Amino acid sequence: MVNLKGIFEKLINTRTTLFQDKKVLLDETYIPENLLHRETEAKKLASILAVALRGETPSNILIYGKSGAEKTAVAKVIADELVKTGKKMGREISVVYLDCQIFNTEYRVFAKLANQFGGRVPFTGWPMEKVYNTFKELADKKKQYILVILDQIDKVFFDRDHRKEIKHLLYLLTRINSEFKNTKLSLIGISPDLRFVKYLNLKVQSSLGREEIEFLPYNEEQLKDILKQRAESAFKEGVSDESTISLCAKLTAQDGDARKAIDLLKIAGEIAEIECSDKITDSHIKKAEEKIRRNKINGTILPMLIQKKLVLYSALLLEENRITTGELYQKYKELARALSLDILTIRRISDFIFELEMSDILSCKVISLGRYGRTKEIKLEMNPLEIKRVLEEDEGILNFPSFLF
DNA sequence: CTTCCACGGGAACACTGGGGTG
DNA sequence: CACCCCAGTGTTCCCGTGGAAG
């Protein structure tokens, strides 16, 4: 038996950390002072919002571009500046930032807004009308400009059940201006999904996209600059070098996603630390890449409802053939029956298929088989073995009667 | 031109859980 | 405390629609 006394002290004292200031790599919370390669976008955003300082109402703005293009960071920084400048000029400006993944219903958005201005709206229970009016009255008490940032609005939109609601929410938020006497309000919507933008332009005559700003993905060189900037303050001297940075940039250049690039660097650093290396090597980065991939699969598949997992499992079992919705539904029914679960209707299943498509696990194409009707051609987008591995961690599925296969 | 099958929007329903009122 | 009101969630039911093979 090893002497375990003081095991933690030993761990802490013997392992030297490679990090100098790790929070620089935590992309969620850390915003650097210089946002590299985003000058154009930042300037454009600022120029639209600037009219608020003259007491006018800025147009509503739609910001779009792939994830990791620093849309949120730029919007936050600019909004901050706006508030600061407003203070100097004696203008009351408030910014409300809402992550629509959390505030994903009308009620929650307006409750949050009302509470931001001193309201005491409970998180459930009140009629919508009352919540809306509470916000309206509180916000309208004094002369001010309110900028509402709706981050990730596509997430709400592409969750089917919320589509109607997001339309109505946008309607309410844009209409509220005409009900204010003193206050002015405008919106910034942020979406990484171009389909949302398209839809908005096509069908909804919403004023959300009055002004649009596109954030292009970073190229490899730009990613290098960004990584270099972060690495300098995040790591101790000599931990990362030119080749570390280059490889990280190269591996993530395809998406142009700064968040992914930074995350890769961070995890590579952690792995290097665990392996007691004094610098990050290419093999650490490769391992980090693998780890990220695994985490992503675990994170999306594990928490799914059993019913949804079953749909995915059905797709997995049919993988060899060309899968249509009808075939998949037959397979699903078989499985559900074998597990004596409720058998859901095909309508519901097609919603699950849609959701799986939204999380990039499946890809679908609507095709017409002429005489044989119209259907969806479904394809798996992830390594079947990996999906299988994760799915089978669910005991329910593990206990499948083996005759099914 | 017909036919067929699933697409996908929307209404309705059941159930849960919290708020407000007398 | 009993009772009703309300929003949220997961689901079913209903139905008009698309588009190429036959």
Side-chain angles (χ1 to χ4, degrees), chain A residues 98-115 119-138 153-173 193 195-196 198-200 202-206 303-312 314-315 318 321-337 339-359 362-379 396:
Chain A
L98 295 166
D99 183 343
C100 294
Q101 257 188 303
I102 300 159
F103 299 94
N104 59 357
T105 66
E106 239 166 76
Y107 186 99
R108 293 208 253 266
V109 167
F110 278 98
K112 166 81 178 173
L113 284 169
N115 291 340
R120 301 184 67 181
V121 179
F123 61 87
T124 173
W126 283 14
M128 203 35 232
E129 185 79 4
K130 190 171 168 190
V131 182
Y132 178 85
N133 286 332
T134 307
F135 167 60
K136 198 177 73 190
E137 275 156 32
L138 284 168
I153 26 175
D154 61 303
K155 286 275 163 47
V156 186
F157 181 78
F158 284 109
D159 179 348
R160 273 171 181 245
D161 299 339
H162 289 302
R163 278 191 189 195
K164 209 175 59 190
E165 203 163 3
I166 190 90
K167 272 190 239 166
H168 194 237
L169 172 70
L170 291 178
Y171 166 74
L172 284 180
L173 279 172
D193 200 315
R195 283 168 299 183
F196 177 76
K198 253 189 215 155
Y199 183 89
L200 210 60
L202 266 159
K203 296 199 183 168
V204 190
Q205 61 300 31
S206 144
M304 293 192 309
L305 296 170
I306 302 246
Q307 296 280 10
K308 198 159 153 189
K309 284 184 184 164
L310 274 194
V311 174
L312 182 53
S314 311
L318 295 169
N321 323 331
R322 192 171 69 171
I323 316 172
T324 65
T325 307
E327 288 158 12
L328 196 143
Y329 185 60
Q330 291 310 317
K331 196 64 171 180
Y332 156 81
K333 275 203 289 195
E334 239 176 82
L335 300 184
R337 206 172 297 129
L339 291 173
S340 36
L341 285 167
D342 295 345
I343 295 175
L344 305 180
T345 55
I346 196 165
R347 182 68 189 79
R348 186 71 186 115
I349 298 308
S350 92
D351 277 347
F352 283 143
I353 294 171
F354 180 83
E355 284 167 27
L356 287 167
E357 187 186 5
M358 281 307 112
S359 33
L362 300 178
S363 69
C364 306
K365 207 166 84 195
V366 182
I367 52 163
S368 176
L369 272 49
R371 194 64 238 287
Y372 306 100
R374 204 166 76 117
T375 185
K376 243 178 189 173
E377 203 175 60
I378 302 160
K379 232 175 64 193

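Chain naming here is simple, since letters A, B, ... match the order of the sequence lines and numbering starts at 1 in each. Note that the coordinates shown come from a computational prediction; the quantities given were computed from them, not determined experimentally.
- Atom-to-atom, CZ of Arg374(A) to P of dC5(B) comes out at 14 Å; the value is rounded to the nearest Å.
- When rounded to the nearest whole Å, the span between CD1 of Ile346(A) and C1' of dC4(B) equals 14 Å.
- A donor-acceptor pair under 3.5 Å is absent between the side-chain atoms of Tyr107(A) and the main chain of Val131(A), judged by distance alone.
- Residue contacts shown for Ile343(A) are limited to sugar-phosphate atoms, with no base heavy atom under 4.0 Å away.
- Once you apply a 4.0 Å limit to the heavy atoms of chain A, the touched nucleotides of DNA chain C run 5' to 3' over dC6(C) to dG22(C).
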### Query
Can you list the steps and then say if Thr324(A) with Tyr329(A) is a side-chain contact (heavy atoms from CB on, under 4.5 Å)?
CA-CA 9 Å; Thr324(A) 65; Tyr329(A) 185 60; over 6 Å; no

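- Rounded to whole angstrom, the span from the NZ atom of Lys376(A) across to the P atom of dG8(B) amounts to 4 Å.
- Atom-to-atom, CZ of Arg322(A) to P of dC5(B) comes out at 15 Å; the value is rounded to the nearest Å.
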### Message
side-chain contact (heavy atoms from CB on, under 4.5 Å) for Leu344(A) and Tyr332(A)? Distances and angles first, verdict last.
### Response
CA-CA 9 Å; Leu344(A) 305 180; Tyr332(A) 156 81; 3.5 Å; yes

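- Across Lys333(A), Glu334(A), Lys331(A), a single residue satisfies side chain to side chain contact (heavy atoms under 4.5 Å, CB included) together with Ser314(A), and that is Lys331(A).
- Using a 4.5 Å cut-off on side-chain heavy atoms (C-beta onward), Ile153(A) and Leu169(A) make no contact.
- Straight-line distance from the CG atom of Asp351(A) to the P atom of dA6(B): 15 Å, rounded to whole Å.
- Two residues, Gly125(A) and Arg108(A), neighbour DNA chain C, and the one matched to the more 5' nucleotide by heavy-atom proximity is Gly125(A).
- Terminal axes of the helix from dC1(B)-dG22(C) to dG22(B)-dC1(C) (five pairs each, C1' rotation axis) are separated by 20°, to the nearest 10°.
- What separates CG of Leu344(A) from C1' of dA14(B) is a distance of 15 Å, to the nearest Å.
- With hydrogens and angles disregarded, a donor-acceptor distance shorter than 3.5 Å links the side chain of Gln307(A) to the backbone of Asp342(A).
- Annotation for Met304(A) and Leu356(A): closest pair SD-CD2, 3.8 Å, computed over non-hydrogen atoms.
- At whole-Å resolution of the value, CD1 in Ile323(A) and P in dA6(B) are 14 Å apart.
- Positionally, the nearest nucleotide of DNA chain B for Tyr372(A) lies more toward the 5' end than for the other of Val366(A) and Tyr372(A).
- Taking every side-chain heavy atom of Arg371(A) into account, dC4(B) is the closest of dC4(B), dG19(B), dG10(B).
- In this structure, Arg374(A) has no side chain to side chain donor-acceptor pair (under 3.5 Å) partners at least two apart in sequence or on a different chain.
- Side chain of Ser350(A) to backbone of Arg347(A): a donor-acceptor contact under 3.5 angstrom is found.
- Atom pair Tyr107(A):OH and dG19(B):C1' shows a separation of 8 Å (rounding to whole Å applied).
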